[in-house]
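Written out below as structure tokens is the structure these notes cover.
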Amino acid sequence: MRVAMFGYQTWGHRTLRALIDAGHDVALVVTHPKSDHAYEKIWADSVADLAEANGIRTLLRQRPDDADLLAELKEADLDLIVANNWRTWLPPEIFEMPRHGTLNVHDSLLPAYAGFSPLIWALINGEKEVGLTAHMMDADLDAGDIVLQRSVPVGPKDTTTDLFHRTVDLIAPITTDAIELIAKGNFTPVKQDRSKASFFHKRALEDSLIDWTWPADEIERLVRAQSDPYPNAFTHHRGKQLRVVRASVSTGLYGGTPGRIFIREGEGVVIVAGPEARRGRSHGLVIERVRTEDGTELAATEYFRTMGGYLTSRP
């Protein structure tokens with residue numbers, strides 16, 4: 001097929017690699033300029049570098065709203081546009097232009113977790129599986145009819161980093177398989193059940209701040225969701241930011257005020273947690289490894305030399 005590709009970071013890079021390796025005629029690549037946003041510097045394989053290394057015309061755009069881009073796409077006489085991790089809305093005059101429309105690859109099991117950072121949000125929320133959806137683009141973001149889905153299970157100790165590596169390896173096969181179905185015309189797209197849809201915003205620093213009134217199992221998932229190289233889940237201790245690198249749910253039940261640095265258990269230090277911690281029937285969070293403001297990583301038992309005091313939301 002003669003295609004154009006809209007994409008960014010490693011997700012877009014893997015998609016373009018799949019198109020090239022499958023022998024599709026890639027007429028044009030559109031990608032975003034490099035960004036200093038914390039989350040956009042992670043998994044940042046360059047779509048532009050791969051395209052240019054393969055002699056493919058490449059355009060850098062923040063938004064696809066200029067007449068020159070539209071003219072180039074029309075002139076390319078496309079069968080299909082393929083998109084993955086394109087960060088802004090594509091207008092109908094673009095996504096409807098190719099003969100077969102536009103195929104978007106999104107890293108969630110739509111209709112759930114449309115929007116941004118789906119793996120992180122899914123892990124925080126305790127989902128049992130994550131995956132990819134290849135769907136036909138329409139006027140609503142991540143809402144078009146589904147061509148293919150592929151899933152992987154979420155294990156009890158998995159981090160977002162683990163899930164990224166498993167799902168990114170699905171990009172090439174789901175892209176090529178979906179294009180083959182579209183080319184042959186022997187599939188029936190599945191409409192998304194909008195009653196099951198959810199849409200999530202981009203993550204920012206505030207979203208990694210630990211709320212000690214959450215149950216300990218939810219905080220533990222937040223820690224795993226914000227695994228390196230993502231900005232870690234954090235709290236404050238004695239006026240300074242303290243990042244939590246590894247944690248687990250306590251064996252014992254503890255009572256008191258959420259955020260209290262309480263007692264050693266196993267390989268870490270228990271922090272009282274939960275909305276009803278005062279009743280003494282809640283598990284705490286066992287912090288096992290921390291990272292200080294200067295980047296020093298320590299065992300929690302080495303950092304917390306004495307018990308007492310509180311971890312707080314503010315310095």
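No hydrogens, no waters, no symmetry mates; every other heavy atom, side chains included, goes into these values. Starting from 1, each residue takes its place in the sequence as its number.
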Report yes if some heavy atom in the side chain of [X] is under 4.5 Å from a heavy atom in the side chain of [Y]; otherwise report no.
X	Y	answer
Lys41	His37	no
Thr58	Thr31	yes
Pro111	Ser198	no
Thr161	Asp228	no
Leu69	Leu28	yes
Lys240	Arg238	no
Arg260	Met307	no
Pro229	Trp43	yes

From CA spacing to verdict: side-chain contact (heavy atoms from CB on, under 4.5 Å), Val244, Glu288 = CA-CA 8 Å; Val244 180; Glu288 296 167 354; over 6 Å; no

Considering all heavy atoms of both residues, which atom of [X] and which atom of [Y] are nearest to each other, and what is their separation?
X	Y	answer
Val105	Thr175	CG2-OG1, 3.8 Å
Asp145	Pro189	CB-CB, 3.5 Å
Ala277	Val272	CB-CG1, 3.6 Å
Arg14	Val168	NH1-O, 3.4 Å
Thr160	Ala225	OG1-O, 2.8 Å
Ala27	Leu78	CB-CD2, 4.1 Å

Stepwise, does the side-chain contact (heavy atoms from CB on, under 4.5 Å) test hold for Val269 with Ile261?
-> CA-CA 7 Å; Val269 174; Ile261 305 161; 3.9 Å; yes

State plainly whether one hydrophobic cluster holds both [X] and [Y], where clusters connect Ile, Leu, Val, Met, Phe, Trp and Tyr through side-chain heavy atoms under 4.5 angstrom apart.
X	Y	value
Tyr8	Val26	no
Phe187	Ile174	yes
Val147	Val82	yes
Leu109	Leu132	no
Leu209	Tyr230	no

His13/Thr15 under side-chain contact (heavy atoms from CB on, under 4.5 Å): CA gap, chis, key distance, verdict = CA-CA 5 Å; His13 187 280; Thr15 304; over 6 Å; no

Verify side chain to side chain donor-acceptor pair (under 3.5 Å) between Trp212 and Thr235, making sure each step is shown before the conclusion.
-> CA-CA 9 Å; Trp212 293 105; Thr235 186; 3.1 Å; yes

Taking the six-membered ring for Trp, are [X] and [Y] ring centroids under 6.0 Å apart?
X	Y	answer
Phe304	His237	yes
Tyr254	Phe262	yes
Phe234	His236	yes
His32	Trp86	yes

Report yes or no: does [X] contribute a side-chain atom to a donor-acceptor pair with the main-chain N or O of [Y] at less than 3.5 Å?
X	Y	answer
Thr159	Asp162	yes
Asp142	Gly115	yes
Gln241	Thr292	no
Gln149	Leu110	yes
Arg99	Asp77	yes
Gln9	Glu40	yes

More than 12 heavy atoms of other residues, nucleotides or ligands under 6.0 Å from CZ of Arg281: is that the case?
-> no

For Arg314, does the CZ atom have more than 12 heavy-atom neighbours from other residues, nucleotides or ligands under 6.0 Å away?
-> no

Between [X] and [Y], is any side-chain donor less than 3.5 angstrom from a side-chain acceptor?
X	Y	answer
Asn232	Gln226	no
His135	Asn104	yes
Thr88	Gln62	no

Side chain to side chain donor-acceptor pair (under 3.5 Å) between His106 and Ser108: does it pass, once the steps are laid out?
-> CA-CA 6 Å; His106 178 72; Ser108 84; 3.3 Å; yes

Just how far is it from atom [atom1] of [X] to atom [atom2] of [Y], taken to the nearest 0.5 Å?
X	Y	atom1	atom2	result
Arg224	Ile124	CZ	CD1	10.5 Å
Met137	Phe6	CE	CZ	8.5 Å
Glu96	Ile94	CD	CD1	11.0 Å
Leu103	Phe95	CG	CZ	13.5 Å
Ile182	Asp177	CD1	CG	11.0 Å
Thr133	Leu170	OG1	CG	11.0 Å

Please walk me through it: do Glu265 and Ser250 pass side chain to side chain donor-acceptor pair (under 3.5 Å)?
-> CA-CA 7 Å; Glu265 182 184 287; Ser250 71; 4.6 Å; no

Row check, Trp121 ring normal vs Arg203 NZ/CZ: under 6.0 Å, within 45° = yes

Hey, could you give me each pair passing salt bridge (Lys or Arg N to Asp or Glu O under 4.0 Å) that has a residue in residues 121-141? Not counting sequence neighbours.
-> none

Any Lys/Arg nitrogen of Arg291 or Glu297 sitting under 4.0 Å from an Asp/Glu carboxylate oxygen of the other?
-> yes

Under the ring pair (Phe, Tyr, Trp, His ring centres under 6.0 Å) rule, what do Trp11 and Phe164 come out as? Steps first, then yes or no, please.
-> CA-CA 10 Å; Trp11 296 269; Phe164 164 80; 5.5 Å; yes

Return the orientation label for the Phe200 and Tyr113 ring planes: parallel under 30°, perpendicular over 60°, tilted otherwise.
-> parallel

Start with the C-alpha gap between Arg243 and Glu293, add the side-chain angles, then the distance that decides, and say whether salt bridge (charged side-chain N to carboxylate O under 4.0 Å, His left out) holds.
-> CA-CA 8 Å; Arg243 288 180 278 172; Glu293 280 189 346; over 6 Å; no

Test side chain to side chain donor-acceptor pair (under 3.5 Å) on Thr301 and Glu267 and set out the steps.
-> CA-CA 7 Å; Thr301 51; Glu267 297 182 359; over 6 Å; no

For the pair Ile56 and Met5, evaluate side-chain contact (heavy atoms from CB on, under 4.5 Å) and give the outcome as yes or no after the intermediate values.
-> CA-CA 10 Å; Ile56 301 168; Met5 205 284 290; over 6 Å; no

